[in-house]
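The structure appears below as C-alpha cells.
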Amino acid sequence: ALVLIFAALLAGCAARPETRLYLLSALAPDDSSAGGTGRSMVIGLGPVTLPDYLDRPQIVFRVSDNRLAAADTHRWAEPLAVNVVRVLAENLASQLHPSRILAYPWPRSEAPGYQVRVEVLRFDAGPDEAVHLIANWSVNGMEAAPRRADITVAAPAHDFEAMVRSESE
C-alpha cells in the first residue's frame, strides 16, 4: 500500500507540458495612409461577435470539415473576443487615422459618426494548412451594403505560433 501511495505522489509531481499563451497582433501601420484622412472622424467598433465554439481559452482548430479540437497547452492569453476587438481597433486606427475609436457599447453622449459591426462566422485553422476567416461586416453611417469577408491565409499545420500569426493577418 505504501508503494502505491508513493507511486501516486510521484505521478502527481510528474512534469506537465508547458502551457503557451498567444495573442493576435495588429498589422504594421500603413505608411501610405499617413495623410490622416479621418482626423475628425469618430468610429464606433461593435458589436463584434464570434461563434460560441471559440469562446474558450484553448486555441480551437479543425481536424476535418465537421470535427474541431481544442489545444490544451496552446491558449489565448485573454478572451479571444476581447483580443479581436482590440486588434480591429488598432488596425482601424492605423489605417484610417480617426480622431477616436469607441468600443461597443459606448455612452449615448458619445455617438460615433460611423459604426462598424462585425459578425465572425468562422475563425480557425483547417487541415488544409490554412487559416480561414469568414465574417459579415457593415458600416452604419455610410451608404454601403453589408459585406462578407472570406479570407484564407496559409498556416503550417500544428505550428500554433505560425497559426496565430496567420490569424493576425
Rounded to the nearest 0.5 Å, what separates atom [atom1] in [X] from atom [atom2] in [Y]?
X      : Y      : atom1 : atom2 : result
Leu80  : Leu24  : CG    : CG    : 6.0 Å
Tyr22  : Trp76  : OH    : CH2   : 9.5 Å
Arg148 : Ser138 : CZ    : OG    : 13.5 Å

Sequence neighbours excluded, every pair satisfying ring pair (Phe, Tyr, Trp, His ring centres under 6.0 Å) that has a member inside residues 77-96: none

Pairs in or reaching into residues 108-150: which pass ring pair (Phe, Tyr, Trp, His ring centres under 6.0 Å), with residues at least two apart or in two chains? none

Given Thr152 and Val131, is the side-chain contact (heavy atoms from CB on, under 4.5 Å) satisfied, shown in steps? CA-CA 6 Å; Thr152 302; Val131 167; over 6 Å; no

For [X] and [Y], which heavy atoms make the closest approach, and how far apart are they?
X      : Y      : answer
Ser166 : Ala154 : OG-O, 2.7 Å
Pro112 : Gly44  : CB-N, 3.3 Å
Leu121 : Pro51  : O-CG, 3.4 Å

Just checking [X]: does its [atom1] atom have more than 12 heavy atoms from other residues, nucleotides or ligands closer to it than 6.0 angstrom?
X      : atom1 : value
Glu161 : CD    : no
Arg147 : CZ    : no
Asp52  : CG    : no

Are any of the side-chain heavy atoms of [X] and [Y] separated by less than 4.5 Å?
X      : Y      : result
Glu18  : Thr73  : no
Val42  : Ser99  : yes
Ser168 : Met163 : no
Val63  : Leu68  : no

Looking at Glu78, is its backbone amide N or carbonyl O close enough to the side chain of Asn83 to form a donor-acceptor pair, meaning the two atoms are under 3.5 Å apart?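 No: the side chain of Asn83 does not pair with the backbone of Glu78.
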
Within the side chain of Gln115, is there an N or O that forms a donor-acceptor pair under 3.5 Å with the backbone of Gly46?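 Looks like yes, one N/O pair under 3.5 Å.
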
Taking salt bridge (Lys or Arg N to Asp or Glu O under 4.0 Å) as the cut-off, I'd like each qualifying pair that reaches into residues 103-119, sequence neighbours left out, listed once.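 Found Arg100-Glu110.
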
Shared ILVMFWY cluster between [X] and [Y], side chains joined below 4.5 angstrom?
X      : Y      : answer
Ile134 : Val116 : no
Ile151 : Val139 : yes
Leu96  : Leu27  : no
Met41  : Leu88  : yes

Output all residues satisfying ring pair (Phe, Tyr, Trp, His ring centres under 6.0 Å) with Trp106, sequence neighbours left out; order by chain, then residue number. Tyr104

Show which side-chain atoms of residues 54-61 pair as donor or acceptor with protein atoms under 3.5 Å away, not counting sequence neighbours.
residue, atom, partner, partner atom, Å
Arg56, NE, Tyr53, O, 3.1

Under a 4.0 Å threshold between the charged nitrogen and the carboxylate oxygen, would Glu90 count as salt-bridged to Arg86?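 Between Glu90 and Arg86 there is a salt bridge, with a charged N closer than 4.0 Å to a carboxylate O.
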
I'd like to know if Arg122 pairs up with Asp124 as an ion pair, taking the criterion as any Lys NZ or Arg NE/NH1/NH2 lying under 4.0 Å from an Asp or Glu carboxylate oxygen. yes

Walk me through it: do Leu102 and Ile43 pass the test side-chain contact (heavy atoms from CB on, under 4.5 Å)? CA-CA 6 Å; Leu102 303 171; Ile43 297 174; over 6 Å; no

Give the C-alpha distance, both sets of side-chain angles, the deciding distance and a yes or no for side-chain contact (heavy atoms from CB on, under 4.5 Å) between Thr49 and Val120. CA-CA 6 Å; Thr49 61; Val120 176; 6.0 Å; no

Got a sec, which residues hit side chain to side chain donor-acceptor pair (under 3.5 Å) with Arg20, two or more places apart in sequence or on another chain? none

Decide side-chain contact (heavy atoms from CB on, under 4.5 Å) for Leu45 and Val85; before the verdict, give the C-alpha distance in whole Å, the side-chain angles of both, and the deciding distance to 0.1 Å. CA-CA 8 Å; Leu45 177 57; Val85 169; 4.1 Å; yes

